[in-house]
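Order of the sequence lines fixes the chain letters, A, B, ..., with proteins taken first and strands second; residue numbering starts at 1 for each chain.
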Number of protein chains: 2
Amino acid sequence: MSTASSVPTFGCTCARLRKLTRRLTRIYDAHLSAQAIKVTQYSLLANAARGERALSEFAAELEMDRSTLSRNLAPLAAQGWVSISIGADARSRSISLTAAGRRKLKAALPSWRKAQCEVESILGTEGVGELHRKIERALAALPVPSGKRA
Amino acid sequence: MSTASSVPTFGCTCARLRKLTRRLTRIYDAHLSAQAIKVTQYSLLANAARGERALSEFAAELEMDRSTLSRNLAPLAAQGWVSISIGADARSRSISLTAAGRRKLKAALPSWRKAQCEVESILGTEGVGELHRKIERALAALPVPSGKRA
DNA sequence: AGCATATGCGTGTAATTACACCTATGCGTG
DNA sequence: CACGCATAGGTGTAATTACACGCATATGCT
């Protein structure tokens, strides 16, 4: 039935998740340190590679605060990997991956691959698959940050 | 068979996990904002309530860098919720929850409970249970930060 | 006792994260 | 066209996170 009672059945889901995130992030970052970038940055590059978009759209897809994304993109822009230009609407910023960014992404792929494979080998392909399914299911059910802040 | 191949079967597990963490954290933080604290701080208080310990032990349990924990405890100490005293070994810091900290933890419990119940009601008790199992399994299998940095 | 090493923390630095608030720009209506 | 509101970002502030390095203390060996 999985009826929601007024008393929690489990410990803090958020705390457990954060702990796992810390561990995973350390693994990926360790591998990516060979390329002097972090998983978060690798993800940003990989996402930027999906096409030029306004900052807001980009942030919405990642479900990240615009200011967060703006700040996280800054070091990547400083390295010349992404370009932040003024869009048609003079208020908006258009984010795109530069040629150097594409090269960097390509160069970092093997390191990311190693990290991902390490995780898959430790947890097993099955284990990772189930974890992904749980994550996707949760993402599909949980309320999105609503896009707009009232 | 779940054999680990040299090519990843899935997308970036870390990125997906981080996204879910962002969403969950927002939900908990929204509820806990009534108490002017964040989930991370609530977790710290709850963990501190388990007994007085040296900073290192505390950090090891949370698998958090000592410097991270040190900095995260600072605002809690500033509020008088935790005490950071010098241990038997003059180099070590002994962390303990103060009486005010216990009161704060008690006062914040209902807010945390609401957040946890909201998550359980959205994902279903079953769903959260399965998610927890996957998380615990992953935590059990993945390498711990080794405690010591060589 | 004295010195080398090991251990426990703090600081510097930097990125990740988000909220509240401000600025600039765009748009619609009178 | 001008006023008012809505929208896109940026800034201030603050917490979370971790690594490298440095300082102080403890410990072990001679």
Side-chain angles (χ1 to χ4, degrees), chain A residues 14-15 17-19 21-30 32-33 36-44 53-60 62-79 84-95 145-150, chain B residues 14-15 17-19 21-30 32-33 36-44 53-60 62-79 84-95 145-150:
Chain A
C14 193
L17 201 61
R18 291 184 72 90
K19 188 169 188 173
T21 299
R22 280 196 296 275
R23 263 210 233 168
L24 270 187
T25 301
R26 255 182 266 119
I27 293 176
Y28 285 79
D29 279 354
L32 284 163
S33 70
I37 59 171
K38 308 182 141 216
V39 225
T40 42
Q41 300 182 317
Y42 177 81
S43 293
L44 250 33
R53 279 156 299 172
L55 180 65
S56 294
E57 290 175 64
F58 206 151
L62 299 173
E63 287 173 24
M64 194 179 279
D65 193 86
R66 290 177 320 243
S67 67
T68 299
L69 179 58
S70 196
R71 282 172 166 129
N72 291 353
L73 286 175
L76 302 182
Q79 293 290 323
I84 304 176
S85 56
I86 296 175
D89 184 329
R91 293 168 300 181
S92 76
R93 309 294 147 170
S94 196
I95 311 298
S146 81
K148 283 101 241 321
R149 272 202 297 268
Chain B
C14 194
L17 202 60
R18 291 184 72 91
K19 188 169 188 171
T21 299
R22 281 196 294 275
R23 263 212 232 166
L24 269 188
T25 300
R26 255 181 268 117
I27 293 175
Y28 285 79
D29 279 355
L32 283 163
S33 70
I37 60 172
K38 309 180 140 218
V39 224
T40 43
Q41 301 180 318
Y42 179 80
S43 293
L44 251 32
R53 277 155 299 171
L55 179 64
S56 294
E57 290 176 65
F58 206 150
L62 299 174
E63 287 172 27
M64 194 178 280
D65 193 86
R66 290 175 320 240
S67 67
T68 300
L69 179 57
S70 198
R71 281 174 167 127
N72 291 353
L73 285 175
L76 303 182
Q79 293 290 326
I84 304 176
S85 56
I86 296 176
D89 185 328
R91 292 168 302 181
S92 77
R93 307 291 150 176
S94 196
I95 311 299
S146 82
K148 283 103 238 322
R149 273 202 297 266

S.K.: With sequence neighbours left out, what residues match A/T40 under side chain to side chain donor-acceptor pair (under 3.5 Å)?
M.R.: none
S.K.: Rounded off to whole Å, could you give me the CZ-to-P distance for the A/R71 and D/dG10 pair?
M.R.: 10 Å
S.K.: Reckon A/N72 has a side-chain N or O less than 4.0 Å from the OP1 or OP2 of C/dT16?
M.R.: yes
S.K.: Using whole Å, report how far CZ of A/F58 lies from P of D/dA8.
M.R.: 17 Å
S.K.: Could you report the tightest heavy-atom contact between B/P75 and B/R71, atom names first, then the distance?
M.R.: CD-O, 3.1 Å
S.K.: Does B/S67 make a side-chain donor-acceptor contact with the base of D/dC19, cut-off 3.5 Å?
M.R.: yes
S.K.: Rounded to the Å, how far apart are B/R22 CZ and D/dT16 C1'?
M.R.: 14 Å
S.K.: Would you compute the distance between atom CG of A/L73 and atom CZ of A/R93 and round it to the nearest 0.5 angstrom?
M.R.: 12.5 Å
S.K.: If you take all heavy atoms of B/L44 and B/F58, which pair is closest and at what distance?
M.R.: O-CZ, 3.8 Å
S.K.: Tell me: CZ of A/R93 to P of C/dT23, nearest whole Å?
M.R.: 16 Å
S.K.: Heavy-atom distance under 4.5 Å between the side chains of B/L55 and B/I84, does that happen here?
M.R.: no
S.K.: Look at the side chain of A/R18 and the backbone N and O of B/T25, then say whether any donor-acceptor pair between them is shorter than 3.5 Å.
M.R.: no
S.K.: If the condition is side chain to side chain donor-acceptor pair (under 3.5 Å), which residues does B/R23 pass it with, not counting sequence neighbours?
M.R.: A/E63
S.K.: Specify the separation, in whole Å, of atom CZ of A/R26 and atom P of C/dA15.
M.R.: 20 Å
S.K.: Let me know the distance between OH of B/Y28 and C1' of C/dA18, rounded to the nearest Å.
M.R.: 18 Å
S.K.: Please report the shortest heavy-atom distance between B/R53 and B/E57, naming the atom on each side.
M.R.: CG-OE1, 3.9 Å
S.K.: Taking the nucleotide of DNA chain C with the nearest heavy atom to each, does A/M64 or B/S92 sit closer to the 5' end?
M.R.: B/S92
S.K.: Can you check whether A/L24 reaches A/V39 side chain to side chain, under 4.5 Å on heavy atoms?
M.R.: no
S.K.: What residues in residues 36-43 of chain B put a non-hydrogen atom under 4.0 Å from any atom of DNA chain C?
M.R.: none
S.K.: Please check the phosphate of D/dT17 (OP1 and OP2 only) for any side-chain N or O of B/R66 closer than 4.0 Å.
M.R.: no
S.K.: Please confirm whether the shortest side-chain N or O distance from B/S70 to OP1 or OP2 of C/dG10 is below 4.0 Å.
M.R.: yes
S.K.: So, does B/R18 get its side chain near the phosphate of C/dT17, meaning an N or O under 4.0 Å from OP1 or OP2?
M.R.: yes
S.K.: Find the runs of at least 3 consecutive base pairs, i with j, i+1 with j-1 and so on, that include DNA chain C, using Watson-Crick or G-U wobble geometry with both distances under 3.5 Å.
M.R.: C:1-30 with D:1-30
S.K.: Does A/T68 have any side chain to side chain contact (heavy atoms under 4.5 Å, CB included) partners at least two apart in sequence or in another chain, and if so, which?
M.R.: A/M64, A/D65, A/N72
S.K.: Please write out each protein N/O paired with an N/O of nucleotides 26-28 of chain C under 3.5 Å, distance rounded to 0.1 Å.
M.R.:
unit_1 : atom_1 : unit_2 : atom_2 : d
C/dG26 : OP1    : A/A90  : N      : 3.1
C/dG26 : O4'    : A/R91  : NH2    : 3.4

S.K.: Quick one: SG on B/C14 to CD1 on A/I27, what's the gap to the nearest 0.5 Å?
M.R.: 8.5 Å
S.K.: Select base, sugar-phosphate, or nothing to describe what A/A74 touches, counting heavy atoms under 4.0 Å on all strands.
M.R.: nothing
S.K.: Expressed as a whole number of angstroms, how long is the span from B/L17:CG to C/dT17:P?
M.R.: 12 Å
S.K.: Hey, does the side chain of B/Q41 reach the backbone of B/K38 with a donor-acceptor pair shorter than 3.5 angstrom?
M.R.: yes
S.K.: Output the rounded distance in Å from CG (A/L73) to P (C/dT17).
M.R.: 11 Å
